[in-house]
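Quantities reported herein were computed from a predicted structural model and do not represent experimental measurements.
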Amino acid sequence: MDKWILLEYTDVREEVKDLRNRVNKLQNEIWKLENSVVSDSVTCGKKGKKPLKTVKITGTPIGKLEKKKIILRSTQAKLEEEELRLLELQDQAEEYIEKIEKSELRVMFRFYFIDGLSYPQTAMRMNETFPDRNIKYTDENVKKRIQRFFKMSPNVPVKDDIMYLAK
């Protein structure tokens with residue numbers, strides 16, 4: 001197991017967020033379609049240029065509604081698959097983080113990679129976790145520590161990948 005698991009975990013977490021947003025959007029669209037009424041006026045025959053009578057037809061857009069429901073079911077199935085994959089990756093990412101020797105770095109990595117906090121949020125949580133530390137954590141401090149860890153560890157990815165891992 002290597003550090004790429006952290007990268008994959010963060011990517012899949014974002015993909016799951018996107019799929020959840022798509023499911024919510026589709027559910028809202030379906031609700032609107034189910035609660036909307038489409039109406040039209042139709043003429044029934046003509047006597048010369050004048051219609052015999054007009055009829056008002058109302059209903060819901062069934063064709064569009066059914067297509068949206070099919071897409072929703074497909075997206076929900078994909079979401080379930082990705083959520084299972086995310087759980088597996090989270091387990092692997094946590095195993096990788098547990099192998100880090102320094103406790104302080106393990107906590108920092110959990111905040112940043114597992115919880116998905118930004119650098120400033122991670123720094124704030126680190127300051128809450130380690131309140132007796134003389135030098136307070138900053139977002140730049142957190143970023144540099146994560147970058148240094150990847151530079152110092154074996155099987156170092158290329159420089160651009162380090163920057164991607166420690167965004």
Could you tell me whether a side-chain N or O of [X] sits under 3.5 Å from a main-chain N or O of [Y], the two making a donor and an acceptor?
X	Y	value
Glu34	Trp31	no
Thr122	Ser118	yes
Lys136	Pro131	yes

Atom pair [atom1] ([X]) and [atom2] ([Y]), whose distance is rounded to the nearest 0.5 Å:
X	Y	atom1	atom2	result
Arg145	Lys102	CZ	NZ	5.0 Å
Leu19	Glu81	CG	CD	10.0 Å
Lys144	Lys151	NZ	NZ	6.5 Å
Asn28	Lys68	CG	NZ	11.0 Å
Leu105	Ile97	CG	CD1	10.5 Å
Gln27	Thr75	CD	OG1	10.0 Å

**Request:** Might you work through the side-chain contact (heavy atoms from CB on, under 4.5 Å) test for Glu15 and Asp11, ending with a clear yes or no?
**Result:** CA-CA 6 Å; Glu15 185 176 0; Asp11 289 345; over 6 Å; no
**Qualifying residues under salt bridge (Lys or Arg N to Asp or Glu O under 4.0 Å), relative to Glu140, sequence neighbours excluded** =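 In terms of salt bridge (Lys or Arg N to Asp or Glu O under 4.0 Å), with neighbours along the sequence ignored, Glu140 is linked to no residue.
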**Request:** Just jot down the salt bridge (Lys or Arg N to Asp or Glu O under 4.0 Å) partners of Arg125, sequence neighbours excluded, or say none.
**Result:**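 Salt bridge (Lys or Arg N to Asp or Glu O under 4.0 Å) check on Arg125 returns nothing, list empty.
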**Item:** Residues that Glu101 engages under side-chain hydrogen bond (donor to acceptor under 3.5 Å, both in side chains), provided they are two or more places apart
**Value:**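 Here no residue qualifies.
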What I want to find out is whether [X] reaches [Y] closely enough, with some N-O distance under 4.0 Å, to be called a salt bridge.
X	Y	answer
Glu29	Lys32	no
Lys78	Glu83	no
Asp139	Lys143	no

Nearest heavy-atom pair of [X] and [Y]: which atoms, and what distance?
X	Y	value
Arg20	Leu79	CG-CD1, 3.8 Å
Gln121	Leu117	OE1-CA, 3.4 Å
Leu6	Ala93	CD2-CB, 3.9 Å
Val12	Arg85	CG2-NH1, 3.5 Å

**Message:** Hydrogens and angles aside, do Gln90 and Glu94 bring a side-chain donor and acceptor to less than 3.5 Å of each other?
**Reply:**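 Result is yes, a qualifying pair exists.
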**Asked** Given the rule in the side-chain contact (heavy atoms from CB on, under 4.5 Å) test, do Gln76 and Leu72 qualify, once you have shown the distances and angles that lead to the verdict?
**Response** CA-CA 6 Å; Gln76 285 174 326; Leu72 176 63; 3.9 Å; yes
**Request:** Name the orientation class of the two ring planes belonging to Tyr119 and Tyr112 (parallel below 30°, tilted from 30 to 60°, perpendicular beyond 60°).
**Result:**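 Tyr119 vs Tyr112 ring planes: parallel.
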**Message:** One pair to check against ring pair (Phe, Tyr, Trp, His ring centres under 6.0 Å): Phe149 and Phe109. What are the steps and the verdict?
**Reply:** CA-CA 10 Å; Phe149 174 80; Phe109 272 55; 5.0 Å; yes
